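The structure appears right after this line, and notes come after that.
One-based numbering, in listed order, for ligands and for the atoms of each. Just so we're clear, the structure is a prediction, and the values are computed from it rather than from any experiment.
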Amino acid sequence: MILSTSVQLAKTYLEKGGVIGLPTETVYGLAGNIWDQEAINKIFAIKERPKNHPLIAHVAHWNQVESIASDIPAMAQQLADRFWPGPLTMILTAKPDVPSAATAGLGTIAVRMPEHPLALKLLSALPFPLVAPSANPFGKISPTSAMHVFSYFKGKIPLTLDGGNCKIGLESTIIGFKDNAVVIYRQGVISKDDILEVLPNTAVYYDIDSQNNYPGSHRSHYAPKTPLIITESLEETLEKYTDQKIGLLSLGTKGENFSTIAEIRYLSKTNDLKEAASNLYAHLHELDRLNLDVIVAELFPTSDLGMVINDKLIRASSQFV
Ligand code: TXA
Ligand code: MG
């Protein structure tokens, strides 16, 4: 695999039906031409993703949305005006000719405009939108740097467009529209309150469970190889695991005081949740490579963003429960 910042090179591979690593502000994607059945098949094969899970289409212009979706609600346009480019994915009615491999035959297509200069430059240069799931093997931690994509897929894709570290580091918020209401299927950094600011007179509600069959919402997702323990009391957990090689994923600097911890990664020394979110997957990746016995993380405070991070942590640890 080539790591490159050349949009021209990326374009060449995509036009030949290739699949590439795509930087976005949330996580890296594994991208291919939405109209190319073979490219989509490759994405599923490389990721080992079950076929019945739909993909997100990435666009740079509103007319690209109109090329793949119809009956677009006015609300969608208002939200796009406010949040695009940015980490909001909207599920819309798919045009009939959108390959069912991309929509999993649901008749709907998820769309977003990523806020990353290289991604936007590439998408603007292409005559087609790109479908891209997160660039991790099914069930593994999402990648937030080109090196993460490299270590997952080095023999399998020709190129990753190197856009540096993802600014946000958590997957986009996914919403849909139902009977004039907005339904949140997956929460990222854009919250219910953010949506209500744009649509104050609209009902906005969560439906997270209906998505649990889909990968981005799968129970055991974002999973490191090393067991991850989520605790409300760091002290108690450390006492329990005195004979183990422990890695700590730390918000704040509390971990410094414990001599039994082998490795600490600071998500944010100043308790800044945005900074913590942007470091979460990268630090999990790093700790997971150190052959530790366990990784320990304390639950985050229950603000909007804290809850999103807790949700990711719980999913990362749930295979061991
Ligand atoms: O931030 C992100 O959204 C990243 C970057 C690369 O854009 N992408 C991402 O894709 O997280 P993925 O495939 O890992 O997660 C996509 C989620 C899945 O949970 C899937 O269920 C949901 O989007 N989804 C996609 N199309 C859908 C549809 N038509 N109806 C319902 N859910 C859909
Ligand atoms: Mg994913």
Side-chain angles (χ1 to χ4, degrees), residues 19-32 34 40 43-44 46-60 68-69 83-95 98-116 118-120 122-123 129-144 148-149 152 160-161 163 166-178 183-190 207-223 277-278 281 308 311-312 315-316:
V19 168
I20 66 150
L22 175 77
T24 84
E25 80 283 30
T26 59
V27 300
Y28 274 69
L30 202 55
I34 191 170
I40 298 174
I43 293 174
F44 280 92
I46 293 165
K47 224 184 121 79
E48 295 176 48
R49 177 177 174 117
K51 286 259 178 186
N52 57 343
H53 294 302
L55 305 177
I56 297 175
H58 296 69
V59 299
I68 55 174
F83 296 115
W84 282 6
L88 181 70
T89 297
M90 299 196 276
I91 296 171
L92 302 169
T93 305
K95 289 230 159 121
V98 174
S100 63
T103 65
L106 293 173
T108 52
I109 182 76
V111 191
R112 84 178 193 96
M113 188 186 292
E115 189 188 12
H116 190 290
L118 275 187
L120 287 172
L122 174 64
L123 286 162
L130 292 174
V131 276
S134 52
N136 49 282
F138 182 61
K140 295 279 161 53
I141 308 168
S142 291
T144 56
H148 293 157
V149 183
Y152 280 145
T160 291
L161 200 49
C166 300
K167 210 171 59 184
I168 291 177
L170 294 176
E171 292 85 349
S172 61
T173 299
I174 299 179
I175 61 166
F177 304 93
K178 228 179 199 171
V183 188
I184 302 176
Y185 294 112
R186 178 176 80 183
Q187 188 163 337
V189 295
I190 292 177
D207 184 4
I208 307 290
D209 285 344
S210 78
Q211 289 272 305
N212 268 344
N213 294 326
Y214 297 131
S217 326
H218 223 245
R219 262 241 133 300
S220 155
H221 197 52
Y222 318 100
S278 71
Y281 293 151
V308 175
D311 176 66
K312 305 296 182 199
R315 288 172 197 280

- Query: Is the shortest N/O to N/O distance between Y28 and ligand 1 below 3.5 Å?
  - Reply: no
- Could you give the distance from OG1 (T108) to CG (L92), rounded to the nearest 0.5 Å? 8.5 Å
- Note on the structure: L55 heavy atoms within 4.0 Å reach ligand 1 at atoms 25 (C), 26 (N)
- Message: I'd like to know if the side chain of K312 reaches the main chain of Y281, judged simply by a donor and an acceptor atom lying under 3.5 Å from each other, with no hydrogens or angles considered.
- Response: no
- Item | Closest to atom 27 (C) of ligand 1 among A94, P54, A31, A119 (heavy-atom distance) | P54
- If every non-hydrogen atom of K178 is compared with every non-hydrogen atom of V183, which pair is closest and at what distance? CB-CG2, 3.8 Å
- Item | Min N/O separation K47 to ligand 1 under 3.5 Å | no
- Of T89, V27, L170, the one whose closest heavy atom lies nearest atom 4 (C) of ligand 1 is V27
- For the residue pair G176 and Y185, what are the closest heavy atoms and their distance? N-CE1, 3.6 Å
- Query: Can any side-chain N or O of H116 pair as donor or acceptor with the backbone N or O of G163 at less than 3.5 Å?
  - Reply: yes
- What part of T108 sits under 4.0 Å from ligand 1 if we count only heavy atoms: the side chain, the backbone, both or neither? both
- Message: Under 4.0 Å, heavy-atom basis, I'd like to know which part of H58 is in contact with ligand 1: side chain, backbone, both or neither.
- Response: side chain
- Do T26 and S172 have side-chain N/O donor and acceptor atoms under 3.5 Å apart? no
- Item | For A110, the ligand 1 atoms whose distance to one of its heavy atoms is below 4.0 Å | 25 (C), 26 (N), 27 (C)
- Just distances here: any N/O of T24 and N/O of ligand 1 closer than 3.5 Å? no
- Task: Using a strict 4.0 Å cut-off to heavy atoms of T26, name the atoms of ligand 1 that fall inside it.
- Result: 1 (O), 2 (C), 4 (C), 5 (C)
- Item | Side chain, backbone, both or neither: M90 near ligand 1, heavy atoms under 4.0 Å | neither
- Note on the structure: So the atoms of ligand 1 within less than 4.0 Å of a heavy atom of R186 turn out to be 2 (C), 3 (O), 9 (C), 11 (O), 15 (O), 16 (C), 17 (C)
- Atom indices of ligand 1, in the order listed, that fall short of 4.0 Å to a heavy atom of I174: 17 (C), 22 (C), 23 (O)
- Task: Check the side chains of E171 and S142 for a donor-acceptor pair under 3.5 angstrom, ignoring hydrogens and angles.
- Result: yes
- Item | Residue that, paired with I56, satisfies side chain to side chain contact (heavy atoms under 4.5 Å, CB included) out of T89, T24, L130 | T89
- Item | Non-neighbouring partners of Y152 that pass side chain to side chain donor-acceptor pair (under 3.5 Å), sequence neighbours left out | none
- Metal site the Mg ion (ligand 2): N/O/S of S134 inside 2.8 Å: yes
- Do any heavy atoms of T103 fall under 4.0 Å from ligand 1? no
- Who pairs with E25 by side chain to side chain contact (heavy atoms under 4.5 Å, CB included), at least two apart in sequence or on another chain? P87, R112, P114, E115, I168
- Message: For ligand 1 and E171, I'd like to know whether there is a polar contact (N/O to N/O, distance under 3.5 Å).
- Response: no
- Which atoms of ligand 1 are found less than 4.0 Å from any heavy atom of S172? 1 (O), 2 (C), 3 (O)
- Which atoms from ligand 1 have a heavy atom of P133 less than 4.0 Å away? 10 (O), 12 (P), 13 (O)
- Which pair of heavy atoms, one from V111 and one from W84, lies closest together, and at what distance? O-CZ2, 3.4 Å
